[in-house]
Amino acid sequence: MAFSNVYTHRKVAETSAKPCDICFKPSTSVLITVGNKDWFYVCPSHLKDAGFCTPKIDPAAAEARRKRELEDEIERVKKEYEEKRKKKEKEDQDKKTDDKSADNKDKDKDKDKDKENDGKADDGKKEDELGNESTDKAVSPTSPTSPTAEEDEPRVFELKSTFYQQRLQKKRQIEIAKRNRERLQDPTFFPSVPKDLP
């Protein structure tokens, strides 16, 4: 009849909301044991109360989540590095072609005027590139994507001893009441009327 003090937090539909066992407000959160031996409705705020229950964090799952976050971070940094390296190589090639064209333009005085005009245009292009880089930075966040709130919340809880004992006592009372109902329905439970004369 006894059940383990390990409860899993589950959500039910809004239409199935029932009163919390502690504060009697409508709640969609349910704490349930393994094998559905015991369950009760509870408000999410009570789950954060250290006097009611303590979260049981699975170390293997926490370690796996940390590894996954690290791998995601490494991938993100690698992508950023590759993008920066490609941009730098492209800028270096652009500078080399600009230097070659600049040497050819120095030979002719008429081409000097064109060079000044090209320099102004190059400055405009560089400003555009800087603007594009700033928008790229705005689009790709520098911080890793944070997991959702649901993933952060623990799903397995252990009730404090007083609340656990209350649940056990309530379960025992339900079992006793059920047995008594069955006994009362049995016709042999009560003594029969005496048939012999006194």
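Just so you know, residue 1 is the first one in the sequence shown, and it goes up from there.
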Novice: Would you call Pro55 and His9 a side-chain contact if the rule is heavy atoms closer than 4.5 Å?
Specialist: no
Novice: Could you grab the distance from atom CZ of Arg181 to atom CZ of Arg183, nearest 0.5 Å is fine?
Specialist: 12.5 Å
Novice: Heavy atoms, side chains only, cut-off 4.5 Å: are Gln169 and Gln166 in contact?
Specialist: no
Novice: Does His46 reach the side chain of Leu31, with side-chain heavy atoms less than 4.5 Å apart?
Specialist: no
Novice: What I want to find out is whether Glu89 reaches Arg85 closely enough, with some N-O distance under 4.0 Å, to be called a salt bridge.
Specialist: yes
Novice: Would Ile174 and Lys178 count as a side-chain contact (heavy atoms from CB on, under 4.5 Å) if you check the C-alpha gap in whole Å, the side-chain angles of each, and the deciding distance to 0.1 Å?
Specialist: CA-CA 6 Å; Ile174 291 171; Lys178 183 179 177 184; 5.5 Å; no
Novice: Keeping the roles fixed (side chain from Ser27, backbone from Val42), state whether a donor-acceptor pair exists under 3.5 Å.
Specialist: yes
Novice: Give, for atom CZ of Phe40 and atom OG1 of Thr33, the distance between the pair rounded to the nearest 0.5 Å.
Specialist: 9.5 Å
Novice: Taking C-beta and beyond as the side chain, do Asp38 and Tyr7 meet within less than 4.5 Å on heavy atoms?
Specialist: yes
Novice: Looking at every non-hydrogen atom in both residues, tell me the closest pair between Glu158 and Lys56 and how far apart they are.
Specialist: OE1-CD, 3.7 Å
Novice: Establish, yes or no, whether a centroid distance under 6.0 Å links the rings of Phe157 and Phe52.
Specialist: no
Novice: Check the pair Cys53 / Lys160 against side-chain contact (heavy atoms from CB on, under 4.5 Å), numbers first and verdict last.
Specialist: CA-CA 5 Å; Cys53 64; Lys160 293 294 182 177; 5.7 Å; no
Novice: If I take atom CZ from residue Arg68 and atom CZ from residue Arg65, how far apart are they, to the nearest 0.5 angstrom?
Specialist: 7.5 Å
Novice: Quick one: pull up OG in Ser29 and CZ in Arg10 and give me the separation to the nearest 0.5 Å.
Specialist: 12.5 Å
Novice: In terms of side-chain geometry, is the basic nitrogen of Arg66 or Glu63 positioned less than 4.0 Å from the acidic oxygen of its partner?
Specialist: yes
Novice: Do Tyr164 and Phe3 come within less than 4.5 Å of each other through their side chains, counting heavy atoms only?
Specialist: yes
Novice: Would you say the side chain of Pro26 lies within less than 4.5 Å of the side chain of Lys18, judging by non-hydrogen atoms?
Specialist: no
Novice: Could you tell me whether the side chain of Asn5 and the main chain of Leu159 form a donor-acceptor pair under 3.5 Å?
Specialist: yes
Novice: Got a second to check how far Lys67's NZ is from Glu71's CD, nearest 0.5 Å?
Specialist: 8.5 Å
Novice: For the atom pair NZ (Lys48) and SG (Cys43), what is the distance rounded to the nearest 0.5 Å?
Specialist: 11.5 Å
Novice: Quick one, Arg76 and Asp72 - any side-chain contact, counting heavy atoms below 4.5 Å?
Specialist: no
Novice: Is it true that Lys88 and Glu91 make a salt bridge, defined as a side-chain N closer than 4.0 Å to a carboxylate O?
Specialist: no
